Undergrad: 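This is the structure, below, for whatever I ask next.
Below, read A as the first sequence line, B as the second, and so on, with proteins coming before strands; counting in each chain starts at 1. As the structure is a computational prediction, the values presented were derived from the model and not from experiment.
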Protein chains: 2
Amino acid sequence: MKRKSAAVDPVARARDALRARGMRWTPQRRALLEVLVEASGHVTGAELIERARQRDPETTPSTVYRTLDVLEDLGLVSHSHGHDGREEFHVWPASEHAHLACEACRATWEIEATEALAMTEALARTRGFAVNLSHLTVSGLCADCRRSADAV
Amino acid sequence: MKRKSAAVDPVARARDALRARGMRWTPQRRALLEVLVEASGHVTGAELIERARQRDPETTPSTVYRTLDVLEDLGLVSHSHGHDGREEFHVWPASEHAHLACEACRATWEIEATEALAMTEALARTRGFAVNLSHLTVSGLCADCRRSADAV
DNA sequence: CTCCGTTTTGAGACATGTTGCAACAAGCGG
DNA sequence: CCGCTTGTTGCAACATGTCTCAAAACGGAG
Ligand SMILES: [Mn+2]
Ligand SMILES: [Mn+2]
Ligand SMILES: [Zn+2]
Ligand SMILES: [Zn+2]
């Protein structure tokens, strides 16, 4: 049997968060939330539209993008940027992390907060700057690709 | 009187670099190079098209973007990404640096290589990863905006 | 100077978002 | 259940790039 406890279901949590701010719970938002709970890893806006259209072919891009903005304001999703600079949404990550991306082989890795501490600490100390870790993508050459490049 | 010495003029340097690779020196590329030498700071592709059109209204976007790619391959320009993820080109920077961007007030700062060393070193040591510093943009809240946020 | 192979350009279609605005509808109060 | 208020949607236009392909032209050879 289902319980209506406050925060078990992410969809219900989103609904409550919206209503708490005087915003509305619409079928379009509900549909996107359902897509998001089934997503994992990093997903672009275009991919989310695609998936939402499988549920409802009437799905409109502008509504999806606007909803993603709202959800980001509520802290329910976050985004970083892929190689092309395109936004990639990150849904309910297990832990906050930054991203590492090899420009050559296009592989990516996640950097946990502890590993990123050296950098965030330095910027906090010297500049009082609070780094948005989830938004951060560090690109460059991974160990393997670096070796290949040296060989040339 | 003008000298044809190898590398004084950035435009000539670009021309030589292109020819050395069997690529061609065209009026379109020359025009963009002339725009670039007069640019400073960070400039988006759209802005460069705009400026190129002041010289030659026939300027075509696809040609500009392709030329920027070529120049980046040659190491003559580099890009990072602004708040919206849009590419921002950096022309012949005095020194290689990363970027710091406040999400609230939209101010930006440059981080010199020495200051970024803490991070690049850590990633090199733990992962053998070579960070592309010029491409890096760290976003978050600057000291001032952090204070304002706390006050709320 | 002319010819030719290869690179480059420009046009147009396409991809991915963003924005203004009028119509719509969620949710509240009566 | 009904009507309002106000947040939301969908459309269309716009912004910024990317990609394909035929036509143009750079630059070296003859
Ligand atoms: Mn980039
Ligand atoms: Mn972003
Ligand atoms: Zn790699
Ligand atoms: Zn700020």
Side-chain angles (χ1 to χ4, degrees), chain A residues 11-12 14-35 42-53 55-74 76-77 79-89 106, chain B residues 11-12 14-35 42-53 55-74 76-77 79-89 106:
Chain A
V11 177
R15 185 200 57 207
D16 295 346
L18 286 165
R19 291 204 171 132
R21 293 205 184 186
M23 304 176 112
R24 295 180 187 170
W25 183 238
T26 65
Q28 294 86 349
R29 286 179 177 171
R30 185 194 171 101
L32 181 58
L33 259 301
E34 283 171 359
V35 167
H42 302 78
V43 197
T44 66
E47 281 163 357
L48 290 170
I49 290 168
E50 175 88 18
R51 297 183 194 179
R53 280 194 164 140
R55 294 170 171 268
D56 176 7
E58 307 297 291
T59 304
T60 302
S62 52
T63 300
V64 171
Y65 289 116
R66 279 185 294 220
T67 301
L68 287 167
D69 283 348
V70 168
L71 295 178
E72 191 152 17
D73 280 347
L74 299 181
L76 299 178
V77 303
H79 78 265
S80 55
H81 295 268
H83 280 100
D84 42 9
R86 198 131 94 248
E87 286 185 344
E88 295 186 341
F89 291 90
R106 306 251 137 177
Chain B
V11 177
R15 185 199 58 209
D16 295 346
L18 286 166
R19 292 207 170 129
R21 292 206 184 185
M23 305 177 109
R24 292 175 187 174
W25 184 238
T26 65
Q28 292 85 348
R29 286 178 176 172
R30 183 194 172 102
L32 180 57
L33 259 300
E34 283 170 0
V35 168
H42 301 78
V43 196
T44 66
E47 281 164 357
L48 290 170
I49 291 169
E50 174 87 18
R51 296 184 195 179
R53 280 195 164 138
R55 295 170 171 266
D56 176 6
E58 307 296 292
T59 304
T60 301
S62 50
T63 298
V64 171
Y65 288 117
R66 280 184 296 222
T67 302
L68 288 168
D69 283 348
V70 168
L71 295 178
E72 190 151 19
D73 280 346
L74 298 181
L76 299 178
V77 303
H79 78 266
S80 54
H81 296 267
H83 280 99
D84 42 9
R86 198 131 95 247
E87 286 185 342
E88 294 188 340
F89 290 90
R106 308 252 136 174

Undergrad: CZ of B:Arg86 versus P of C:dT16: gap in Å, rounded?
TA: 17 Å
Undergrad: CZ of B:Arg21 versus P of D:dG27: gap in Å, rounded?
TA: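 My rounded result for the distance is 16 Å.
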Undergrad: Which residue in the set A:Thr59, A:Thr67, A:Val43 passes side-chain contact (heavy atoms from CB on, under 4.5 Å) when paired with A:Leu48?
TA: A:Val43
Undergrad: Report the distance from atom OG1 of A:Thr44 to atom CD1 of A:Ile49, rounding to the nearest 0.5 Å.
TA: 8.5 Å
Undergrad: Can a side chain N or O of B:Gln28 be found less than 4.0 Å away from OP1 or OP2 on C:dG10?
TA: yes
Undergrad: Over how many whole Å does the gap from A:Ile49 atom CD1 to D:dC11 atom P extend?
TA: 14 Å
Undergrad: May I ask you to check whether over 12 heavy atoms, not counting those of B:Arg30, lie within 6.0 Å of atom CZ?
TA: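 Open: at most 12 neighbouring heavy atoms sit under 6.0 Å from CZ of B:Arg30.
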Undergrad: Return the value, rounded to whole Å, for the distance between atom CG of B:Leu18 and atom C1' of C:dT9.
TA: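 My rounded result for the distance is 15 Å.
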Undergrad: Give the rounded distance in Å between these two atoms: NE2 of B:His83 and P of C:dG17.
TA: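 The distance from NE2 of B:His83 to P of C:dG17 comes to 18 Å, rounded to the nearest Å.
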Undergrad: What N/O pairs connect the protein and nucleotides 18-23 of chain D at under 3.5 Å? Give each pair on its own line.
TA:
residue, atom, partner, partner atom, Å
D:dT20, O4, B:Arg66, NH1, 3.4

Undergrad: Under 3.5 Å, which donor-acceptor pairs do the side chains of residues 19-26 of chain A form with other protein atoms, sequence neighbours left out?
TA:
residue, atom, partner, partner atom, Å
A:Thr26, OG1, A:Gln28, OE1, 3.4
A:Thr26, OG1, A:Arg29, N, 3.2

Undergrad: Hey, could you give me the CZ/CG distance between B:Arg66 and B:Leu32, rounded to the nearest 0.5 Å?
TA: 12.5 Å
Undergrad: May I have the distance from B:Arg30 (atom CZ) to D:dG27 (atom P), rounded to whole angstrom?
TA: 12 Å
Undergrad: Calculate the interatomic distance between A:Glu58 atom CD and C:dA25 atom P; express it in whole Å.
TA: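 For the pair A:Glu58 CD and C:dA25 P, the rounded distance is 13 Å.
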Undergrad: Whole Å only: how far is the CZ atom of B:Arg53 from the P atom of D:dA15?
TA: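 About 12 Å, once rounded to whole Å.
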Undergrad: Mind checking the NE2-CZ spacing from B:His42 to B:Arg86? Nearest 0.5 Å is all I need.
TA: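 That separation rounds to 14.5 Å.
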Undergrad: Can you check whether B:His79's main-chain N or O pairs, donor with acceptor, with B:Glu72's side chain at less than 3.5 Å?
TA: yes
Undergrad: Once you round to the nearest 0.5 Å, how far does CD of B:Glu88 lie from NE2 of B:His81?
TA: 9.5 Å
Undergrad: Could you write out each protein N or O paired with an N or O of nucleotides 26-28 of chain C at a distance under 3.5 Å?
TA:
residue, atom, partner, partner atom, Å
C:dA26, N3, A:Arg24, NH1, 2.9
C:dG27, OP1, A:Arg19, NE, 2.9
C:dG27, OP1, A:Arg19, NH2, 3.1
C:dG27, OP1, A:Trp25, N, 3.0
C:dG27, OP2, A:Arg19, NH2, 3.3

Undergrad: More than 12 foreign heavy atoms under 6.0 Å from CD of A:Glu50: is that the case here?
TA: no
